[in-house]
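Report on the following structure.
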Amino acid sequence: MKTLLSLGSLQLENNLILAPMAGLTNLPMRILARECGAALTFTEMISVNGLVREGKKTFDLLRRDPMDRPMGIQIFGDDPQLLAEGARLVEQYGELIDINMGCPVRKVVGSGAGSALLREPAKVGMIVKAVRKATSLPLTIKIRTGWAAADHTFLEIGRIAEAEGVDGVTLHPRSRAQMFEGHADWSKIAELKEALSVPVIGSGDIFTAADVVAMIDQTGCDGVMVARGGLGNPWLFREALALLSGNEPIPPTAAEKRSLALRHLDLFLEATGEHVAVREMRKHLSWYAKGMPGAAHFRAMINHIEDRTALIAALEDFFSEPAHAH
């Protein structure tokens, strides 16, 4: 049951998407998720204020590779005109634009962006209208259920965004107040699916292939967005695609984890150079090791490593098959 997903003019190969995650969904992680089956990946969240002020650092987040397409670009801000300008500036770099209206982080919310917009449905309408006019690329928004636990503004916001021309809505069914705690209430995804005619993408608490299938079954959503569950586990996409087509998913072997972790490091070295790559890879390696015997010791050890040779040696040692036979 491989399901295709279309967002506006963009036809995806399946309906599994890698979520935008700040500090994480850079080029190496996007390429690996895609090789494991993700049909669409996203940049990290990009500030339109940063873009409009021509920050080279902001544009660096848009660096990509021919292998990395279709790619969605997620922008955030609170000013309709600035967001429209940001969309114009980035459209040549990707195949879809998403406006973040769900990020709960204080720094983002404090500027009136992210999930702060859930309190201002009229402003959401102005934003979508302005951005829709500025770009011909497929346009989506990513939202939460509301600001406080009792708020359910997501239905109103979804309808307003659809009326102003979005091509799809992603819902992470937690409120801003919940941050990343508690459970994502998938029934809200079903409610939004019922209310809208554009595709609805579900997000939240997807940690296994079975979760992907369960979310589609329970909510009728058109696509599933994988966030934290994909950290150190790009195979989740491969396993979910297998399950969706009625096959038995094949979990990665230690050898496969080793070769993918090495490839991740290589891609990082190429993208950022040794100093940044080694420091950034330490957290990714901790995720790759999760659930394996000796993972805590491995994590403690690599956190002190500063050069690639030592990191590669530690990685090869930890992920070598015999170490996990006993």
Side-chain angles (χ1 to χ4, degrees), residues 19-26 42-62 72-90 94 97-132 134-135 139-158 160-161 164 166 169-185 188 192 201 203-205 225 227-228 231 280 283:
M21 288 179 280
L24 294 170
T25 49
N26 46 27
F42 273 94
T43 60
E44 302 174 44
M45 216 169 55
I46 291 175
S47 155
V48 290
N49 296 5
L51 284 170
V52 173
R53 299 203 189 105
E54 285 257 39
K56 183 190 166 314
K57 204 170 158 210
T58 308
F59 276 94
D60 279 349
L61 296 173
L62 296 165
I73 296 171
Q74 191 187 59
I75 56 176
F76 76 97
D78 76 318
D79 176 297
Q81 285 340 109
L82 271 182
L83 279 155
E85 183 54 25
R88 272 193 289 272
L89 289 170
V90 300
I97 290 176
D98 181 81
I99 307 166
N100 181 300
M101 300 186 176
C103 179
V105 177
R106 187 179 290 137
K107 194 172 114 181
V108 172
V109 171
S111 69
S115 54
L117 292 168
L118 299 172
R119 294 182 294 190
E120 302 191 71
K123 191 180 204 177
V124 167
M126 286 156 59
I127 285 172
V128 174
K129 187 179 193 161
V131 176
R132 179 68 292 170
T135 179
L139 177 64
T140 56
I141 62 169
K142 184 163 190 265
I143 60 176
R144 284 184 169 230
T145 48
W147 180 258
D151 295 347
H152 290 158
T153 37
F154 68 99
L155 290 172
E156 183 189 0
I157 287 189
I160 288 172
E164 295 296 354
V166 295
V169 177
T170 300
L171 175 63
H172 179 132
R174 283 182 166 88
S175 65
R176 190 271 163 166
Q178 269 183 286
M179 301 296 282
F180 295 98
E181 302 301 312
H183 284 288
D185 179 357
K188 302 282 193 296
L192 188 63
I201 295 160
S203 159
D205 296 355
M225 187 177 272
R228 293 174 295 163
L231 298 173
E280 287 292 310
K283 62 186 179 201

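What you see below is based on every heavy atom in this structure, not just the backbone, and it leaves out hydrogens, waters and symmetry mates.
Remark: the backbone N or O of Asp98 is not paired with any side-chain donor or acceptor of Gln74 at under 3.5 angstrom. Although no hydrogens or angles enter the test, the distance criterion places a donor-acceptor pair under 3.5 Å between the side chain of Ser115 and the main chain of Cys103. A donor-acceptor pair is defined here as one N or O able to donate and one able to accept, closer than 3.5 Å; such a pair exists between the side chain of Arg174 and the backbone of Glu181. Checking side-chain atoms of Asp205 against main-chain N and O of Ala184 turns up a donor-acceptor pair under 3.5 Å. Side chain of Ser175 to backbone of Thr145: no donor-acceptor contact under 3.5 angstrom is found. Remark: the backbone N or O of Met179 is paired with a side-chain donor or acceptor of Arg144 at under 3.5 angstrom.
Residue Pro104 comes nearest to Arg176 through the heavy atom pair O-NH2, 2.7 Å, listed as atom of the first residue, atom of the second, then distance. Taking every heavy atom of both residues into account, Gly204 and His172 meet most closely at CA-CE1, 4.2 Å. When all heavy atoms of Ile160 and Gly125 are compared, the closest pair comes out as CG2-CA, 3.5 Å. Residues Thr135 and Ala87 approach most closely at CG2-CB, 4.4 Å, considering heavy atoms. The minimum heavy-atom distance between Ala177 and Ala149, with the atom names listed, is CB-N, 4.2 Å. Closest approach of Gln178 and Pro173 over heavy atoms only: OE1-O, 4.4 Å.
In this structure, the side chains of Ile75 and Leu83 come closer than 4.5 Å at one or more pairs of heavy atoms. At a threshold of 4.5 Å between non-hydrogen side-chain atoms, the residues Glu44 and Asn26 count as touching. For the pair Thr58 and Arg53, the minimum side-chain heavy-atom distance is 4.5 Å or more. With contacts defined as side-chain heavy-atom distances shorter than 4.5 Å, the pair Leu155/Leu192 qualifies. With a 4.5 Å cut-off on side-chain heavy atoms, Pro20 and Met225 count as touching. In this structure the side chain of Thr140 never reaches within 4.5 angstrom of the side chain of Val166, judged on heavy atoms. You'll find the side chain of Asp78 reaches within 4.5 Å of the side chain of Lys123, heavy atoms only.
Between Asp151 and Arg119 there is no salt bridge, since no side-chain N of the basic residue sits under 4.0 Å from a carboxylate O of the acidic one.
Test Val128, Ile143, Leu117 against Ile157 for side chain to side chain contact (heavy atoms under 4.5 Å, CB included) and you get one pass: Ile143.
Taken from CG in Asp60 to OG1 in Thr43, the straight-line distance is 12.5 Å, to the nearest 0.5 Å. Residue Arg132 holds its CZ atom at 9.0 Å from CD1 of Ile99, rounded to the nearest 0.5 Å. Rounding to the nearest 0.5 Å places CZ of Phe42 at 9.5 Å from CD1 of Ile73. Going from atom CD of Glu120 over to atom OG1 of Thr153 covers 11.5 Å, rounded to the nearest 0.5 Å. The CD1 atom of Ile201 sits 11.0 Å away from atom CD1 of Ile141, with the distance rounded to the nearest 0.5 Å. Atom-to-atom distance recorded for Ile127:CD1 and Leu82:CG is 10.0 Å, nearest 0.5 angstrom.
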Would you please test Leu24 and Lys283 for side-chain contact (heavy atoms from CB on, under 4.5 Å) and show each step? CA-CA 10 Å; Leu24 294 170; Lys283 62 186 179 201; 3.8 Å; yes
